[in-house]
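Report on the structure given below.
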Amino acid sequence: MEILDLALAGEVNRDSKGSVLINEMPEIRVGKRNPYMVGHFINQGCSAEFKIWEERTYKTVLDNGPGIYDVEVTGSEYNGYYLTVRRIQPCTDPSLERSDFLPSIPVKQLNAMWKLAFRELRKLGLSEEAIGLAREIVNDPELEGRYSREGAASFHHDNRIGGLAHHSAKMLRILAAVIGNLPPLRKSIDLLFLGVVLHDIGKVFEYKDLAISEFWFSNHRARGIEFLAKYKERICKLYDEKFYRHLQAIIIGHHGDYGDRPTTVATGIIHYIDTLESQATGLVERQIEGRENENIRVPDWGYLAPVDLAGELYSTEAALLADEESEERAETLENAGQ
């Protein structure tokens, strides 16, 4: 059975069958008549919500958990588009793997984004010591190189292999614009830079291959604080304990109203940058994934009219731009400072 084209299958009243990936456990909701299952299928850059109305059908997913399945679905619409699953069973094709379904961001694009971010921040006074410290932390053997491979989320935004590094690089470029507009912040550029790089580092432990990990309930803020502790002496020696405590505050409070409230100016600034980047990316991703000229439904606001878009969100355009602007070698966190 071929991999299901989620976009095509989403056409209302269209019947389709194919192989799909459920990358995280769906939830059971209480309906007017009976409980039903709601989850997401993932295929490269596309995520499609599905619903299974009959218990005898969704019991297969409860018994087997996340994985690759063969399905028969019908495109449906009610307060948004979704797939009604009529039949589902574990995949019968042993050659299919999760990597066949998971999207990734081109390495060239990631390198270009970090290259541009370093160049912009260096012009504003970012120290080589801060870059070296960031490189040392994200290359810690405990992370197994996953800072540059894990996604920023299981869905919503940058839910791709490399999404965490992509999200952080975009935040660094926004940070450069903020500091450029607010020159007094230059004195704290090392703190803000490291705060951006480290704010989501705990997602390496919270997620695994774009799905939630075994200990997901200890969220990325808690795991980030735990991981940072091994570098307390190194950070205090390079800066001081106050600097280290500020980094802790950023990791704890960068979710703003959706977690522990920010307790420092640096945390507040990074929270706003994080929100702007993730929410803007999420809106563009949703428009690209939808149908042309289709309104986008946002729970808090209702329907939003789309804007004109040019190019692909995860293309090599940024990489080509960087090559044109500078012939310096690409700098990711893996080679920064070398």
Side-chain angles (χ1 to χ4, degrees), residues 113-114 116-118 120-122 124-140 143 147-148 150 152 158 163-206 219-279 332-333 336-337:
M113 292 295 292
W114 281 97
L116 292 172
F118 279 125
E120 291 163 356
L121 289 167
R122 277 186 171 118
L124 295 168
L126 177 64
S127 74
E128 295 303 317
E129 289 77 12
I131 294 175
L133 178 60
R135 175 178 174 270
E136 179 181 345
I137 294 174
V138 303
N139 284 291
D140 188 297
L143 303 187
Y147 183 90
S148 61
E150 192 52 69
D158 277 308
L164 174 58
H166 193 235
H167 167 60
S168 300
K170 287 183 289 180
M171 283 183 62
L172 288 176
R173 298 196 66 200
I174 296 174
L175 174 65
V178 170
I179 295 176
N181 285 325
L182 297 170
L185 287 175
R186 289 191 179 198
K187 189 171 183 178
S188 295
I189 192 170
D190 282 10
L191 172 65
L192 293 167
F193 163 76
L194 286 166
V196 168
V197 172
L198 301 176
H199 81 288
D200 270 349
I201 198 165
K203 287 186 176 179
V204 168
F205 306 105
E206 186 176 21
N219 65 44
H220 67 276
R221 301 187 300 284
R223 297 299 295 272
I225 286 290
E226 180 181 48
F227 177 73
L228 184 69
K230 67 192 299 183
Y231 287 91
K232 179 181 178 181
E233 183 177 347
R234 174 87 168 84
I235 293 169
C236 290
K237 182 178 180 180
L238 186 60
Y239 296 101
D240 55 29
E241 184 175 350
K242 183 179 180 181
F243 190 100
Y244 174 75
R245 299 301 179 189
H246 270 281
L247 287 178
Q248 284 186 318
I250 289 169
I251 293 174
I252 293 171
H254 71 270
H255 275 197
D257 295 338
Y258 299 97
D260 294 290
R261 68 177 181 84
T263 55
T264 69
V265 170
T267 304
I269 290 171
I270 290 175
H271 163 62
Y272 285 128
I273 293 174
D274 187 23
T275 302
L276 171 61
E277 197 295 303
S278 62
Q279 296 303 312
T332 65
L333 279 178

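Computed over heavy atoms, backbone and side chain alike; hydrogens, waters and symmetry mates excluded. Every value quoted in this text rests on a predicted model; they were computed, and no experiment measured them. For reference, positions follow the sequence shown, starting with 1.
Residue pairs meeting the salt bridge (Lys or Arg N to Asp or Glu O under 4.0 Å) criterion with at least one member in residues 244-254, sequence neighbours excluded: E241-R245.
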request  = Would you sort out whether Y147 and N139 count as a side chain to side chain contact (heavy atoms under 4.5 Å, CB included), showing the intermediate values?
outcome  = CA-CA 8 Å; Y147 183 90; N139 284 291; over 6 Å; no
request  = Using the side chain to side chain contact (heavy atoms under 4.5 Å, CB included) rule, take I131 and R122 through it: C-alpha gap first, then chi angles, then the decisive distance, then the call.
outcome  = CA-CA 10 Å; I131 294 175; R122 277 186 171 118; 3.6 Å; yes
key: Steps toward salt bridge (charged side-chain N to carboxylate O under 4.0 Å, His left out) verdict (E206, R223)   = CA-CA 8 Å; E206 186 176 21; R223 297 299 295 272; over 6 Å; no
request  = Apply the test side chain to side chain contact (heavy atoms under 4.5 Å, CB included) to residues F227 and L198: give CA-CA distance (whole Å), side-chain angles for both, the deciding distance (0.1 Å), then the verdict.
outcome  = CA-CA 10 Å; F227 177 73; L198 301 176; 5.9 Å; no
Test log, rule side chain to side chain contact (heavy atoms under 4.5 Å, CB included), inputs Y231 and E136 = CA-CA 10 Å; Y231 287 91; E136 179 181 345; 3.6 Å; yes
inquiry  = Checking H255 against D274 for the side chain to side chain donor-acceptor pair (under 3.5 Å) test, could you report, in this order, the C-alpha distance in whole Å, the side-chain angles of both residues, the deciding distance, and whether it holds?
reply    = CA-CA 8 Å; H255 275 197; D274 187 23; 4.8 Å; no
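A distance-only check finds a donor-acceptor pair linking the side chain of S127 to the backbone of A130 [under 3.5 Å]. K203 contributes no side-chain N or O that, together with a main-chain N or O of H220, makes up a donor-acceptor pair within less than 3.5 Å. Checked by atom type and distance alone, the side chain of H167 never pairs as donor or acceptor with a backbone atom of L164 at under 3.5 Å.
Between L121 and the choices L192, D190, L172, the side chain to side chain contact (heavy atoms under 4.5 Å, CB included) rule is met once, by L172.
Atom CD1 of residue I273 and atom CD1 of residue I174 lie 6.5 Å apart, to the nearest 0.5 angstrom. With values rounded to the nearest 0.5 angstrom, I270 atom CD1 is found 11.5 Å from T275 atom OG1. The distance from the CD1 atom of I251 to the CG atom of D260 is 12.5 Å, given to the nearest 0.5 Å. To the nearest 0.5 angstrom, Q248 atom CD is 6.5 Å from L228 atom CG. T264 contributes atom OG1, which lies 12.0 Å from atom NE2 of H271 (distance to the nearest 0.5 angstrom). A distance of 4.0 Å separates CG of D200 from NE2 of H254, quoted to the nearest 0.5 Å.
When all heavy atoms are compared, the tightest approach of I189 to L126 is CD1-N, 3.7 Å. For the residue pair A165 and W114, the shortest heavy atom distance occurs at O-NE1, 3.4 Å. For the pair P262 and T267, the tightest heavy-atom approach, listed with the atom from each and the gap, is CB-CG2, 3.6 Å. The shortest heavy-atom contact between M171 and V196 is CB-CG1, 3.7 Å. Heavy-atom minimum distance, A266 versus I250: CB-CD1, 4.1 Å. Closest of all the heavy-atom pairs between A249 and T263 is CB-OG1, 3.9 Å.
Between F118 and F193, the ring planes are tilted. Angles from 30° to 60° get that label.
Taking the side chain as every heavy atom from C-beta outward, F243 and L194 approach each other to under 4.5 Å. Side-chain contact check for L185 versus I269: some heavy-atom pair is nearer than 4.5 Å.
Enclosure of atom CZ in R261 is not indicated, since only 12 or fewer non-hydrogen atoms of other residues, nucleotides or ligands lie within 6.0 angstrom. Counting non-hydrogen atoms of other residues, nucleotides and ligands closer than 6.0 Å to OH of Y272 gives a total of 12 or fewer.
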